[in-house]
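Because the structure is predicted, anything quoted here is derived from the model rather than measured.
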Amino acid sequence: MKEIESNCSTCPAHNLSNLKSLGIDMSDFDYVIALAGNPNTGKSTVFNSLTGLKQHTGNWPGKTVSRAEGGFVFKNKKYKIVDLPGTYSLLSTSTDEDIARNFILFGQPDVTVIVVDATRLERNLNLTLQVLEITDRAVLCLNLVDEAERNNIFVDVKSLSKELGIPVIPCQARQKIGITELLTAIDEVIQGKYICKPRRISKYHPSIENAINDISNELKKEFPLLPNSRWVAMRILEGDQNIIESVETGKIGEILENQKVSELNE
Amino acid sequence: MNKKNIIKKAEKYRWEIGDDFHDAVIETIYKEASSIAENTVTDKNVSSTLDFKLDRILTSKIYGFPIMLALLAIVFWLTIQGANIPSAFLSYLLVDLLHGLLKSFSAFLSMPNFIDGILIDGAYLSAAWVVSVMLPPMAIFFPLFTLLEDFGYLPRVAFNLDGIYQRVGAHGKQALTMTMGFGCNAAGVVASRIIDSPRERLIAIITNNFSLCNGRWPTQILIATIFIGSVVPSYVAGIVSSAAVIFIAVLGVLFSFAVSWSLSNSLLKGVGSAFSLELPPYRPPRFWQTIYTSLIDRTLIVLWRAVVFAAPAGVVIWLVANVEINNITLAKYFVDFSNPFGMMLGLNGVILLAYIIAIPANEIVLPTILMLTTLTVNIAGAGVGNGVLFETDSINATAEILKAGGWTTLTGLSIMLFSLLHNPCSTTIYTIYKETKSMKWTFVATFLPILLGVIVCFFTAQVWRIFAG
Amino acid sequence: MIQPILNLIFGITVLIILTIFLFPKYGLYAMYKKSKISKQKIYVEDSLKFLYESEYEKLSITLNQLSGYLKVKGESFKNILHRLEEMNLAEITDDNIKLTKQGSEYALRIIRTHRIWEKYLAEETSIRESEWHSEAEEKEHSLTESEVEEINKKIGNPLYDPHGDPIPTKTGELPPFIGLSFYVFAEGETVRIIHIEDQPKEIYKKIIEQNISVGAVINILKIGKDSVEIELNGKKIRLTSELIKNITLEKIKTEVYFPAGAIPLSDLEKGKNAVVLSILKSCRGQQRRRLLDFGIVPGSKISTEIESLGNDPRGYKVRGAIVALRNNTAKQILVEKV
């Protein structure tokens, strides 16, 4: 039996049993990657360049309707990649947002790749910041940098990475530029060579900060291992019935306990 | 037990905070996003870029509409012109040559008549027919349309036209799904995904059938030439018959507006609506990749669905035309039975039967009508053989068969109307179910056009008869 | 010649009959469906609601008042009373009628159904505001408890209905309703002060010194991190966060007060820049969420970029992207030119 360590650096971090109930079969794969992003950011193009699949991608918001899956091999490890529906946000009750949110929260993918459009970074950061509230293993794929430059928009990759606390990889997915770098960054995060320190919002609007703080502290007392208690508190206050139920039944705590069990079994 | 208390406590906070939690969270996140963007993005003023200039022209109040119409006209022209030759070739290859070969092969094996009929004259022939008529125009239309889409032009069309669609409770993007519908309704229904507001999306799906699809254009043109063109002096026959076809297509557009309006004010009131339309940056389309993916994604998938439905329907068509009870075919029974009802609509029993058994594809309606007509009125020497789909070599021959079947100008007009206003083909119905995942809306989309068709044809026929004697 | 005319008459008759049968709301089919919910049940539930709301306002109700409210008299009214007693929902003493514990629970359930349905209509459908109440009046009698919970989950556990009234919880709890805090409201809204906490004394004194009293009507000008700026009788007042904690408000259903310099986004001329002040409350549900998703939040820079032929919709540039909005939506976004 291996030594039990909570931060085993090369063990997969994903939650096997939850992934199964989300309909993801991991029997042939080592790691699972989620692909999140706004609609029309070239998310599907990134997906295709990673997997070699030819899913049609159009210059239209909201192309991917169902969830697509694919696989690839990098450095002798088998990766499963799940293309989440393109959404602007993860806070609402729409089906798409539920799918994306639940996958990141309960599936605990080993890395979440957030694809953003460099030409409209500010708006894309909305989703990015929301993803970073849930997970702390993420890579930002800054897509369409060529188009941004053509429109005289320049993004300082280094300081963006510093601001967000995660790797930022500039890409031109259509020309397959930057994909290898993206794979390397994914690998580094999984192997623990890059420790993400995701930016979390420290203070919300004064009208709600107090409530979030209080509930978050209560949650920490009840589930000491919960890594994103502020976010869970926010969901409860928003009235997300799924989260409320998973707190009431204690399922939210199981996420972490399960993880320990699955590590033990390896 | 503390878990319950946390929720209780949260509930108390929620009472105090009220409804604005969501707004407050988003506002905070965007403030954060703003400050990050400020530190990392240098945006040198954009007003001189190509995108901006393009938008100036393409959404201009003066040039916007003409450019749009010109582009769409080019797409349609390329489709119609470009499809002729490959269509004729495929038809020669699959229907004339291969069908004949298969027939002689089965004769060589001395296959029983029954099996040979079902498989070769039924399933194979109707599937081959659908492929040869459907494939070429779709293989041209969809890639062209996809190129415009990838370039980023289509959202501008939606923007230009939204003013009109807004008035009938629909979304500007419906202009695009309707245009797709002129190619193929099933593809138009799939394209409705681009509309993200649930109510407007349903409207677009349900009304797509009012776009005269690729499978119905040839019927319209042929019937108009025979029955409308012939009642006017020959030097205007061409213009009048084309005008009649265009009138039907425009009528379809008007129906889609009227139905959109009534749906949004009745059945679909209970479905939410949120208009939004992003105008993404223009992108140079990747030519080959686009052609490849649109062929795979749209053309072949739609074609496959059509073939899957056409083959079994071919079997049914063959059986109906060839199985006899007391020496009378099933077709004859039904035609005699439904003829009085058909006559009330200005149609006849043959047409009604043809629309029922040729449900998989509008392309095979006319061959089915020809086959059934020769079968029921016994015209010597027409067609390949009894109970087999066929097409004549000339318009005159078709006209003779139809006239022998008792067709009048009213029949011609009525079938043009009914061809516009009847249920979608089974491929489209299946696609509607796939897209809406709702039996209710599939049912509405299927039967609403029939209901309209019956009403319109009925009143047209009565009024026509009163005035024409 | 005769046959087609007869046919025509026949056809028109069929259409008329179909209309009479299927006409929404007033057609025979709709009437039949409505009549299937027992009249008795409706009367019982309406009585419970009326009694509950009266008791909430601490009024006692006579039998006459109830009869007047239901517009039922004589034998049928007696039947209703009988039914209320039989089901142990209300007690009748002499001329007065009072809810039992069971009765108030039942009433709360009806109120919950009504308000959740109103919220659902407001958030998830295109039904007009004027129809919410009457639709909910009907639905409250026919929805089952599990259907209500299903809807409640779908719309994210709302606590207030679209009119701002609280929705009772599943267990029948309502908050001790003392009013709303400043932060519930948007800048530019007009509110009435309904409660000022008198403890601790020194804070209460500070509030009173500003001439702020219960019942005063104020405009909220600016909501900041540590203070709120209000307008009372034409005078601008700054309140620190420790003061506003002790003041609760209620919404006044009047027209929205426009802060000086605010214009609706639909009035922003082409090529001009502005900053978003607020999205009006009348913009709700999916449409509101979509605006927020696009980054149209207070403080966002926005400019009018392109106009379509009829000037509706128009394209606005916000957070680096061009987004087309229809004028009826843009009207609900207040901006200030810069």
Side-chain angles (χ1 to χ4, degrees), chain A residues 39-40 54-63 65 89 91-92 117-126 128-130 144 147 150-157 159-160 163-164 174 199 201 203-205 207-208 210-211 214-215 218-219 221-222 233-234 236-239 244 247-250, chain B residues 2-7 9-10 13-14 16-17 20-46 48-51 146 149-152 154-155 193-196 276-278 280-283 285-286 289 292-294 296-298:
Chain A
N40 204 35
K54 305 270 191 231
Q55 195 186 42
H56 175 73
T57 57
N59 197 2
W60 266 113
K63 233 352 176 348
V65 170
S89 166
L91 292 168
S92 303
D117 175 352
T119 60
R120 36 190 75 177
L121 182 65
E122 187 177 338
R123 197 177 79 191
N124 283 234
L125 284 175
N126 176 32
T128 309
L129 289 168
Q130 290 185 33
L144 303 169
E147 202 170 286
R150 204 159 41 77
N151 286 298
N152 286 320
I153 298 167
F154 300 92
V155 180
D156 180 348
V157 173
S159 51
L160 183 61
E163 291 265 358
L164 294 173
R174 301 171 121 221
R199 174 153 182 156
I201 287 160
K203 204 164 164 62
Y204 275 94
H205 200 273
S207 58
I208 58 175
N210 183 21
D214 194 7
I215 299 295
E218 294 282 340
L219 282 168
K221 268 187 241 155
E222 187 69 23
M234 227 171 71
I236 297 173
L237 289 166
E238 180 116 19
I244 291 178
V247 169
E248 271 176 339
T249 58
Chain B
N2 197 17
K3 291 163 192 149
K4 286 242 156 39
N5 285 338
I6 298 178
I7 302 298
K9 198 166 185 184
Y13 275 119
R14 293 186 66 212
E16 281 169 28
I17 295 166
D20 288 345
F21 189 83
H22 188 87
D23 285 32
V25 171
I26 299 271
E27 197 182 327
T28 314
I29 295 174
Y30 265 114
K31 275 207 178 110
E32 196 98 346
S34 260
S35 82
I36 295 175
E38 236 162 66
N39 293 340
T40 55
V41 181
T42 19
D43 182 353
K44 292 172 192 153
N45 197 7
V46 223
S48 60
T49 58
L50 188 63
D51 274 63
T146 315
E149 175 182 328
D150 276 5
F151 174 57
L154 296 190
R193 285 181 187 179
I194 57 176
I195 300 173
D196 52 4
S276 68
L277 173 61
E278 260 210 274
Y282 292 97
R283 276 169 202 164
R286 287 156 304 165
Q289 168 129 32
Y292 173 82
T293 48
S294 72
I296 299 292
D297 244 41
R298 288 183 173 154

Output the option from [options] having the highest count of non-hydrogen pairs under 4.5 Å with chain B.
options                                : answer
A:Leu91, A:Asp117, A:Asn124, A:Leu121  : A:Leu91
A:Ile236, A:Ile201, A:Val155           : A:Ile201
A:Thr128, A:Asp214, A:Leu144, A:Leu219 : A:Asp214

Given heavy-atom pairs under 4.5 angstrom as the criterion, report whether the side chain, backbone, both or neither of [X] touches chain B.
X        : result
A:Thr119 : side chain
A:Glu248 : both
A:Ser89  : side chain
A:Lys203 : backbone
A:Arg123 : both
A:Arg174 : both

Under a 4.5 Å cut-off applied to non-hydrogen side-chain atoms, are [X] and [Y] in contact?
X        : Y        : result
B:Glu27  : B:Lys31  : yes
B:Ser34  : A:Glu122 : yes
A:Gln130 : B:Ile26  : yes
A:Phe154 : B:Val41  : no
B:Ile194 : B:Leu154 : no
A:Leu160 : A:Leu164 : yes

What part of B:Glu32 lies closer than 4.5 angstrom to a heavy atom of chain A: side chain, backbone, both or neither? both
Taking all atoms of both residues into account, what is the closest heavy-atom pair of A:Leu129 and B:Ala33, and its distance? CD1-N, 3.8 Å
